Number of protein chains: 2
Amino acid sequence: MPRKADHLARRKQLADALMRLAASQGLEAVSLRHVAAEAGVSTGMVQHYFRTKDEMMTFALDMVMSNAQERITAEAGAGQPLGPAELIRTLMIQILPLDETRRLEGHVSLAFLAYAAVKPAIGDGLRDSSGQMRAFLADQIRAVQATSDNAPRTDPLHAATALLALVDGLGIHVLGRHYSGEEAVAALDAYLGLLFGSTPDPAGAPATSGG
Amino acid sequence: MPRKADHLARRKQLADALMRLAASQGLEAVSLRHVAAEAGVSTGMVQHYFRTKDEMMTFALDMVMSNAQERITAEAGAGQPLGPAELIRTLMIQILPLDETRRLEGHVSLAFLAYAAVKPAIGDGLRDSSGQMRAFLADQIRAVQATSDNAPRTDPLHAATALLALVDGLGIHVLGRHYSGEEAVAALDAYLGLLFGSTPDPAGAPATSGG
DNA sequence: ACGATTACATTGCAGTCGTATTGCAAAGGG
DNA sequence: CCCTTTGCAATACGACTGCAATGTAATCGT
C-alpha cells in the first residue's frame, strides 16, 4: 500500500470541523466546502474521505452518539460504585449541556434531531440508543424502589421514559437560553425527589456552571 | 388604494405552504420557489408579500406559536371549568403530538427550535411564551398543593419547569418515533401522579392515537 | 379619462451547492 | 526501475439559491 494515511483519524478530524460548524451556525451551514475550510484542508480531501455528503453526515452523527455513550458509560463506572439513585442522577447530569463542550454537542444533537425527523434512516441509531438507555434507567429505578420504602410505586418504565424526556427537554430549554443550567439541575432534582420519595440529596458534586 | 388584497390572509396562506414543506422535508427544503410551488403561486408573489426570506420565516414562526397559544388557551377555557390538576393535564396533552395535525406542527416547531439555536433573534418569542407558560403552570401546581394533602411539597416552579421540559421531551421522542403517543401520555400521567401524590386519574378523554 | 399605485409574473444575476472529472506527487511491490 | 495504487488538489458542471429588476394588468382617487 502506498502513501498510508490514518483514514479513521482524518475522518474524525473532518467530523470535528463539521461539529464546530453545526454548533455555531447550524446544520444548514454544513457544506463540503465549509467543512473543508473549517478543517483547513481542500474540498477534494473531504471528498476523498467521504464519497458523499450524506456519508459525512452519518459518520458525524455516529461520532456524536458514540462520544456521548462513551462519556456516559465512563462516568457510570468511574469513582466508587454508586447506588442506583446516585448513578441515575450522575448519568442525567452528564446529558445536560452544563459546560461549553456539552453545549456544543447539544447544539449538534439538536440539529441532527431535526435532521432525523426528515431522513428516517438517520434516526434509527438514535432510536436504538434511546431505547437501551430507557431500559437501563428502568432497571435502576426498579432497584431503587426495591430498596426503599419511601419511593412511590410508579411504573419503572414510565418513570424512565419520563426521566429521559425530562432531561432532553431541559437540555433543549437550556440551549435555547430559557433558563440556566442550575435551574435545569434543580428541576431534575425536583423530579428525582418525587420519584425516590425523599428530599433530594444532591451530594454528588453538583454541576459547575450554566449558560 | 388600487387592487386591494387581503395581505394578512395571503401571508398566512404562504406560511401554511411553508409549514407543510417544513413538516415533510425539513426547513432546509424551504426556499422561495418551493414555497411558491407548494402554495400554487409564482415566486414573484411570495417576494411581494415577504420582502426577504427571513421575514417569511419569522412570520411563519410567529404563526406557529400564536396558533399553539390560541389552541391551548381555547382548550383551557372550553367545557366546564376544570380543577387545576385536570387543567394541567389537559394543557400538557394539547402540547403532545398525538394526532397528525400536531405531529406536523411539532415537526415545524422542532425545525424552528434548531433554527433558533443559531439565529438568537428568532428564539426571543419562544423564550417569552415558554416563561409565561412556566409561571402559569407553577400557579396551578401551587393551587393543587394548597387543596391536597397528598401532594408532596415540591417547589412549584421547579415542578413546572420539569413538567414543561417533560412534555417537550416526550413530544420530541414521539416525533422521532422512539415510542408511541400512548406511551408518552402514560409517562406524563406517571409524572403527574408523582407530582399530585395520587394514583393517576386520566378521566379526561385520553389521547386518540399515537404515531 | 388618467395618473398613480398596487398586485402579481417573468427574467436575470451572482453565488453556492453536491458531485464527477482530471491531474499529479508520493510510496510500496514486482 | 517502473508501475500501480493511494492521497490529495483543482476545476468544471448543472442545479439550485435569494434577490433585484422589469414588465404588465388591474383598480382606485381625482
Side-chain angles (χ1 to χ4, degrees), chain A residues 1-22 24-62 111-112 114-116 118-119 121-122, chain B residues 1-22 24-62 111-112 114-116 118-119 121-122:
Chain A
M1 275 194 186
R3 207 151 175 229
K4 61 152 189 172
D6 189 338
H7 227 77
L8 188 68
R10 291 288 199 195
R11 285 163 80 100
K12 283 187 179 179
Q13 164 192 356
L14 293 176
D16 265 343
L18 189 157
M19 283 174 52
R20 258 174 282 142
L21 273 180
S24 62
Q25 287 153 258
L27 270 195
E28 317 201 36
V30 171
S31 73
L32 297 186
R33 290 169 237 270
H34 278 162
V35 170
E38 173 73 27
V41 301
S42 75
T43 74
M45 170 167 160
V46 178
Q47 281 196 107
H48 182 68
Y49 286 101
F50 299 107
R51 281 177 309 188
T52 169
K53 183 187 180 182
D54 220 73
E55 189 180 318
M56 180 175 72
M57 302 290 262
T58 305
F59 180 85
L61 175 58
D62 283 350
F112 272 114
Y115 192 67
V118 167
K119 298 200 136 195
I122 294 281
Chain B
M1 273 191 188
R3 206 147 177 231
K4 59 149 193 175
D6 190 338
H7 228 76
L8 188 68
R10 290 288 199 196
R11 285 163 79 102
K12 282 188 180 178
Q13 165 192 356
L14 293 176
D16 264 344
L18 189 158
M19 283 173 52
R20 257 174 282 142
L21 274 180
S24 63
Q25 288 153 257
L27 270 194
E28 318 201 36
V30 171
S31 73
L32 298 185
R33 289 161 174 82
H34 277 163
V35 170
E38 174 74 27
V41 301
S42 75
T43 75
M45 170 165 162
V46 177
Q47 283 193 253
H48 182 69
Y49 285 102
F50 299 106
R51 281 177 309 187
T52 168
K53 183 188 180 181
D54 220 72
E55 187 180 319
M56 180 175 72
M57 302 289 262
T58 304
F59 180 85
L61 175 58
D62 284 350
F112 271 115
Y115 192 67
V118 168
K119 298 200 140 198
I122 296 281

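From a predicted model like this one, the values you see are computed outputs, not experimental measurements. Naming: A, B, ... by sequence-line order, numbering from 1 per chain.
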Where [X] and [Y] come nearest, the two heavy atoms and their spacing:
| X | Y | value |
| --- | --- | --- |
| Leu32(A) | Val46(A) | CD2-CG1, 4.0 Å |
| Tyr115(B) | Glu28(A) | CD1-OE2, 3.4 Å |
| Gln13(B) | Ala39(B) | NE2-O, 4.1 Å |
| Ala29(A) | His34(A) | O-ND1, 2.8 Å |
| Ala116(B) | Ile122(B) | CB-CG2, 3.9 Å |

Tell me, which of residues 10-19 of chain A have any heavy atom that sits under 4.0 Å from an atom in DNA chain D?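 Within residues 10-19 of chain A, the residues near DNA chain D are Arg10(A).
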Which one, [options], comes nearest to the side chain of [X]?
| X | options | result |
| --- | --- | --- |
| Arg33(B) | dC19(D), dA10(D), dA9(C) | dC19(D) |
| Ser31(A) | dG18(D), dG7(D), dG18(C) | dG18(C) |
| Gln47(A) | dT21(C), dT11(C), dG18(C) | dT21(C) |
| Leu32(A) | dT10(C), dT19(C), dG7(D) | dT19(C) |
| Ser42(A) | dT19(C), dA9(D), dA7(C) | dA9(D) |

Quick check for you: to the nearest 0.5 Å, what is the distance between Leu27(B) atom CG and Met57(B) atom CE?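 Those atoms lie 4.5 Å apart.
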Integer-rounded Å distance: [N] [atom2] and [X] [atom1]:
| X | N | atom1 | atom2 | result |
| --- | --- | --- | --- | --- |
| Asp6(B) | dT6(C) | CG | C1' | 15 Å |
| Asp54(A) | dC17(C) | CG | C1' | 15 Å |
| Lys53(B) | dC16(D) | NZ | P | 15 Å |
| Glu55(A) | dG18(C) | CD | P | 14 Å |
| His48(A) | dT19(C) | NE2 | P | 17 Å |
| Met45(A) | dG18(C) | CE | C1' | 18 Å |
| Phe50(A) | dG7(D) | CZ | C1' | 15 Å |

Phosphate oxygens OP1/OP2 of dT17(D): is one of them under 4.0 Å from a side-chain N or O of His34(B)?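 So the side-chain polar atoms of His34(B) do come within 4.0 Å of the phosphate oxygens OP1 or OP2 of dT17(D), strictly under.
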Looking across every strand, which nucleic acid part, if any, lies under 4.0 Å from [X] by heavy atom: base, sugar-phosphate, or nothing?
| X | answer |
| --- | --- |
| Thr52(B) | sugar-phosphate |
| Val30(A) | sugar-phosphate |
| Arg51(A) | nothing |

Sub-4.5 Å side-chain heavy-atom contact between Met56(B) and Val30(B):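 The answer is yes; the side chains approach within 4.5 Å.
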